[in-house]
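Below, each value reflects all heavy atoms present in this structure, side chains not excepted, and no hydrogens, waters or symmetry copies. Residue numbers start from 1 in every chain, and the chains themselves are labelled A, B, ... in the order their sequence lines are given, proteins ahead of strands.
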There are 2 protein chains.
Amino acid sequence: MQEISEEIIEKIHRYWQAVNYLSAGQIYLQQNPLLSSPLQAEDIKPRLLGHWGTSPGLNLVYVHLNRLIKDTNAEMLYVCGPGHGAPAIVAHTYLEGTYSEVFPEVTEDEAGMLKLFRQFSTPGGIPSHVSAHTPGSINEGGELGYSLMHAFGAVFDHPDLIAACVIGDGEAETGPLAASWNSIAFLNPARDGAVLPILHLNGYKISGPTVFARMDDDSLKDLFKGFGYEVFFVEGEDPHHVHRQMAATLDIVYGKIRKIQHSARVDHQLHAMKWPMIILRTPKGWTGPKSWKDVPIEGTFRSHQVPLTGVKENPEKLKMLENWMRSYHPEELFDKNGMLIPELKALAPLGDKRMSALPYANGGLLLKELILPDFRYYGLKIPSPGCVEAESTRNLGKYLREIFTLNAANKNFRLFCPDETTSNRLEAVFQVTDRCFMEKTIDIDDKLSPEGRVMEILSEHVCEGWLEGYLLTGRHGLFPCYEAFVTLVDSMVSQHAKWLKTTAELPWRKPIASLNYLLTSHVWRQDNNGYSHQGPGFIDTVVNKKSSVIRIYFPPDANTLLSVMDHCLSSKNYINVVVAGKQPELQWLGMHEAIEHCKRGASNWKWASNDDGEPDVVLACAGDVPTLETVAAAALLNELLPELKVRLVNVVDLMSLSPTAYHAHGMSGEQFELLFTNSSPVIFAFHGYVRIIHDLVHGRPDPARFHVRGFMEEGTTTTPFDMVVLNKMSRYHLAMEAVKRVPGFQQKADAFINFCEGKLAEHHQYIRKYLDDMPEIKNWKRKSTSVK
Amino acid sequence: MQEISEEIIEKIHRYWQAVNYLSAGQIYLQQNPLLSSPLQAEDIKPRLLGHWGTSPGLNLVYVHLNRLIKDTNAEMLYVCGPGHGAPAIVAHTYLEGTYSEVFPEVTEDEAGMLKLFRQFSTPGGIPSHVSAHTPGSINEGGELGYSLMHAFGAVFDHPDLIAACVIGDGEAETGPLAASWNSIAFLNPARDGAVLPILHLNGYKISGPTVFARMDDDSLKDLFKGFGYEVFFVEGEDPHHVHRQMAATLDIVYGKIRKIQHSARVDHQLHAMKWPMIILRTPKGWTGPKSWKDVPIEGTFRSHQVPLTGVKENPEKLKMLENWMRSYHPEELFDKNGMLIPELKALAPLGDKRMSALPYANGGLLLKELILPDFRYYGLKIPSPGCVEAESTRNLGKYLREIFTLNAANKNFRLFCPDETTSNRLEAVFQVTDRCFMEKTIDIDDKLSPEGRVMEILSEHVCEGWLEGYLLTGRHGLFPCYEAFVTLVDSMVSQHAKWLKTTAELPWRKPIASLNYLLTSHVWRQDNNGYSHQGPGFIDTVVNKKSSVIRIYFPPDANTLLSVMDHCLSSKNYINVVVAGKQPELQWLGMHEAIEHCKRGASNWKWASNDDGEPDVVLACAGDVPTLETVAAAALLNELLPELKVRLVNVVDLMSLSPTAYHAHGMSGEQFELLFTNSSPVIFAFHGYVRIIHDLVHGRPDPARFHVRGFMEEGTTTTPFDMVVLNKMSRYHLAMEAVKRVPGFQQKADAFINFCEGKLAEHHQYIRKYLDDMPEIKNWKRKSTSVK
């Protein structure tokens, strides 16, 4: 590649000035967008909000990437990590015409420019960071730390894509970002694209300096060399000097990326070189106001947000703002109508090559439907309820294996999992694929190769971030995770839920595949891990998100799990949470019944009921362990108190309990009463914390009749049955509560209650003497019910 | 320091064999603990659970640290990062006698050894990782990633303490751990102790290899050199060879630590040297079974859990297990009674120097009460409700400043905050302290020094982990955080809640200071940041934890905030969440009223009510913005519909709504009905998601009469008033709902409803035209109410 001419450098500089001008304009101006007349107080917005500090650096990277794209025809994605980068990125998308294409009211003229300025950080407008509203972005930039993992997720299986990922030096201090550097150990240059990390050290966060910015170059070089990167520095305060470095460096790193890919793809050398990265040191708030009353602004934390405040009130500051904005010479950059002059416009790529219009960044455009096998084929034969025992997730593993096979050519499906695929009983997938790993492998490694499609890293954050990046760019995936530890990504799933809610309101954003969780190794079966591994709180996090994007399922057995998962994997724009056990457990429904049950969301299990349409009490349950206990409770009651009319309702789709108006899966009042009546007591055994059920039934007839049992933070290393006893959700607790809640029935039931209390006393004795007796393993499980 | 003799090395080796023996015994044996007779199938536990893989490495480090402590009299804390390390650490605490001191039934003889073995990963026993039950541990080892941040938190302000932190190579892949390496940029060798990171590369996680283990030594050295560490490698498979290296290396790194501290403390050279760390490469499951049927076990992932399974059933495997356990020569390590022989016993430190008995690891023992100023002095004068406007957190900042001053000599209070102390209006603290920072500082830095007591790093994880470590070792602190982003630490607070619940059940664990959160920059006031910054979900995470450890407060103004915070900072063993705004807002209560209100938890605000004891409707609220809207709604109703009897109830202590039986702060039925009646409709405006309130009132009389408004995931960049309108919680929504819910009242109220709907239409018009009109800033706030 030849050296960039000074003429091009000058054009790049002027384009940069144009976007810097637009960035500042968004923060300050409500009138006079081209500064056609002297700046007046009334031109200034009534409230100054927004962030200047990061903008010039983001702009610098963007304009130089444009040049590279034009020169190489590369497909590049811009992932914007630093917080509050919207003034910069939005300005670029506007100059490229994309913004006006998706928001036609923001026209490419003076009136449109004014709209662009006014809408920024303003009611009815857009936030101060990149978001779903920003064309070309796959990032919700409000919560920091996910840029690099998103970038890697985006390029997996996209061999032609290069994700340029700008990482803020504040963001670099976060845990998720810090863990992301290891992602190159999972990036296969033969089949995947490339990530170009650009660590931008502008020195400060909101008020304090960043750790990385105060490291010397040698330390930074060592650090990233250790991670496997070759560092290229671009540093300075003189714009032209930096432009020259940046242009030359981009050519070099681009060449290195292509060389790595060539080695991998043509010469089959996967470990030829270290991946390049750039460390960019430029002043925070660069080219903005230098200082005010001798207190420095440019290059300090004082330029983080609005570098000059009170300009409306203070004529001296107003003049300073005007001088600053005029220093970009808007009159030489934009024509009278407010259009960027053609000479500069020509610098940006065209059509789909514009980073703001890149199809990868609007993943729904590229989405190919996942080819799903007929899940019924993988179903278990269940002659009658409760007579077969199986590990539900193990069965699902076979179905997932087939998905890998069917979609091998499309290369658009992966599992992301913190080293638990086998532990979660999904190992059938390893018959057709491996764990992905790029580091050196040795003889004793198992199912490990650069071609693997199972992404295992011991970081729930990275698994989540990779998967999000993979989905956002038009592919499919599944995140199997220990239930307790998926709460590590609570905040990430919240941000993704916000993204989905917002994109659904933007017609130009096309639907993407759902974010699917399989939560197993759940709260009720941590036989040896104990209390630290017992936490069903993720359900609570998800259930609060916008109802239009969330679905939560509790398949009680293997066939319902297959049916639910098939549904989830073919859905779009949702967050699907599926909670299912991995331990051997009783199976209830044949495939046909399972499908019907899942369609309804909740149904009356007539084979476990004896109510003839008018139950004295309803036993309800959601979750595999609660279902076992509830079926057992119903059987107990039926055997010992046959005159009590008991109905058993199983809930597989939690949101079916919602009012129809709240959730699309919600039951009508009529359906609800058909299942739960309008007055019978309901004893509800729930997989998670009881709070959710109390809420879901709040608007239903006489909610006080719902008596809910669930996890009450009583946990330890113990047997599964002891767990339900500790949390008062055992068959005996449920049956006793049922009897007590039926008016006038308790007196008849004294013997029954004595029986139950005797059983619990026996159990307590068993546990108390466990260490002395060390009884046989079969007693651990207590799986049987009296169901025939 | 002189070279360690071969005699000592041999003793170390034998001690190591003793703990390895005890580690294996815990996994396998239910009888015959000393192998006094040939091993039989019945000696084997009925269910084999637990993790061998990490144990030999953890044991190696422990025994060598013992030697170092004996030689130097150092105070050392062992922080165990790798998952499932209990068999190792518990074995050590047993040999040191500490285990028998705190659990007297586990005696130091054969019977006690059997108990030790049986209780491991067994019902009624202990989990497979270090936990509150493990003497000497400050870590709940179930969820990985927090060891290094806990270690740093522990040594802050403990100049004599050295935390040896063993980090698993799996754990090292997590985000929180990855972010922790930067902690040395905040560790002041003059006033703080030292952390010695020991990264243990045993190669594998559950099934796959670790990234760090497959890096070559040069890469590792570069990486950690970049972070600021000097790396010392200890590697090998031959025990004696490794023992010699380990002993010599520990002497070297100990010398380096003391030299750094001497330079800092005596010569005032804070940046003299890099901190030492050790990278230990030894095989996973070292000294365990080598292989089974030619499939290797030692050194592979197959030794992660139980390296030989099915030993009870398979005589060949049983023999192999026996050979393995006898390879440690238990008969030469323990006497006939099962006591460690005196010669080996003498290797361990004594009394408080034992790592298992270190007072630092039972922080309540060291806890000095925090000296609190009279918070009333910092109160605002409030002539009457709603006539003063103030930033509530700014006022709190002055009180916090005084806490720093009063406790300066005790050096036991710090703020931990992700670079938001100033943004959260707490900057008064910077009058008496700085941000802590050890990297180079420059002229333009503000309030930055190695002596600072405000710990700002842009990682909520690290802030949380440091604070936990600081509290667990007997100090006090506060975590001010943006409300939306504190959900990053959802899983961490869950683990801390489990720790607190469990320690409260262990009399030998002394109470520690509460974990205090100040959540500000909250959901309702993200005027420019918008939707990504709007998330009140942390409350939902915390409210589900054991009721005995959690408290959640919504002080509606500055004086209640002071009263609440004073209470929180003097409490112990709780997790206190305080949600309060930082923006200028109307103030309601004088100091006296504020104190009374906080004592009650919830009270009738008579000055805003007109009900004369029998309200037609109750307007309830929790949270500063909901309170503003509710007071305004009451005022509206009073002005326009004076015949409607309205009571206003403000809830400052959320858990006061609980039944008494559930939470210590819960109201009795009588108190509840005194406030909320037993039949009047209640319109409840809540700060967070409505779900929590639906749950809290579930057991109260006629819960269906509670109509709750809260955040319903409608957010954007907009005015505070628009936010409450979008979420249907505005004064007009509340007032209209009140009128509609009073039976027979709606017809009289048509004009009122028309008025409210007119006001909302006006507002919608205002927002729709916002970008066109850019109205003056004062219209943003709509703070006034009609309260006199």
Side-chain angles (χ1 to χ4, degrees), chain A residues 30 46-47 49 118 121 123-124 127-128 140 142 170 173-176 178-179 182 185 205-208 211 214 219 222-223 225-226 296 300 419 422 435 439 444 456 458-459 461 487-488 490-491 498 528 530-532 535 540 544 546 689 691 694-695 698 713 717-719 770-771 774 776-777, chain B residues 30 46-47 49 118 121 123-124 127-128 140 142 170 173-176 178-179 182 185 205-208 211 214 219 222-223 225-226 296 300 419 422 435 439 444 456 458-459 461 487-488 490-491 494 498 528 530-532 540 544 546 689 691 694-695 698 713 717-719 770-771 774 776-777:
Chain A
Q30 64 158 326
R47 186 174 184 190
L49 293 171
R118 286 186 163 206
S121 268
S128 59
E140 166 56 67
E173 294 177 11
T174 67
N182 275 330
K205 296 170 286 191
I206 302 182
S207 328
V211 175
R214 295 291 163 94
S219 295
D222 285 340
L223 174 59
K225 188 177 159 204
T300 80
D419 186 35
T422 302
R435 294 179 183 87
E439 302 291 304
I444 51 175
E456 288 197 344
L458 210 165
S459 166
H461 292 112
T487 61
L488 275 155
D490 270 5
S491 65
K498 287 175 189 291
N528 62 327
Y531 193 34
S532 66
D540 295 74
N544 279 325
K546 200 70 198 174
Y689 299 108
R691 212 167 289 279
H694 287 167
D695 168 70
H698 181 75
E713 283 291 331
T717 310
T718 194
T719 70
Y770 199 98
L771 291 182
M774 294 300 266
E776 283 304 300
I777 171 75
Chain B
Q30 63 159 331
R47 187 174 183 189
L49 294 171
R118 286 185 164 206
S121 268
S128 59
E140 166 55 65
E173 294 177 11
T174 68
N182 275 330
K205 296 170 286 190
I206 302 183
S207 327
V211 175
R214 295 291 163 94
S219 294
D222 286 340
L223 174 59
K225 187 174 160 207
T300 81
D419 186 36
T422 301
R435 294 179 183 87
E439 302 290 304
I444 52 174
E456 288 197 343
L458 210 166
S459 167
H461 292 111
T487 60
L488 275 154
D490 270 6
S491 65
S494 298
K498 287 175 190 290
N528 62 326
Y531 192 34
S532 66
D540 294 75
N544 280 325
K546 199 71 198 172
Y689 299 109
R691 210 168 292 279
H694 287 166
D695 168 70
H698 182 74
E713 283 289 333
T717 310
T718 195
T719 70
Y770 199 99
L771 291 182
M774 294 300 266
E776 283 305 299
I777 171 75

Open item on the list: To the nearest 0.5 Å, what is the distance between CZ on R691(A) and NE2 on H698(B)?
Closed with: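 It comes to 12.0 Å.
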- [ ] Hey, could you give me the CD/CG distance between E173(B) and D419(A), rounded to the nearest 0.5 Å?
- [x] 8.0 Å
Residue, of [options], that accumulates the most heavy atom pairs under 4.5 Å with chain A:
options                            : result
L488(B), T422(B), T300(B)          : L488(B)
G124(B), S219(B), G530(B)          : S219(B)
H461(B), K205(B), E140(B), E439(B) : K205(B)
T487(B), D222(B), D490(B)          : D222(B)

Show the nearest heavy-atom pair for residues [X] and [Y], with the distance to one decimal.
X       : Y       : answer
R118(B) : L771(A) : NH1-O, 2.5 Å
S532(A) : G142(B) : OG-CA, 3.3 Å
S459(B) : G175(A) : OG-N, 4.0 Å
P123(A) : T719(B) : CG-CG2, 3.5 Å

TODO: Mark yes when over 12 heavy atoms from residues, nucleotides or ligands other than K546(A) sit less than 6.0 Å from its NZ; otherwise mark no.
DONE: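 Buried by this count: over 12 neighbours within 6.0 Å.
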Can you tell me which portion of [X] sits under 4.5 Å from chain A's heavy atoms? Options are side chain, backbone, both or neither.
X       : value
P296(B) : side chain
S494(B) : neither
N544(B) : both

Task: Under 4.5 Å from any heavy atom of chain B - which part of R435(A) - done: side chain
Open item on the list: So which residue, A179(A), G208(A), S491(A), G170(A), ends up with the most heavy-atom pairs under 4.5 Å with chain B?
Closed with: S491(A)
Open item on the list: Out of A185(A), S207(A), P176(A), return the one with the most heavy atom pairs under 4.5 angstrom to chain B.
Closed with: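 Of the options given, most contacts go to S207(A).
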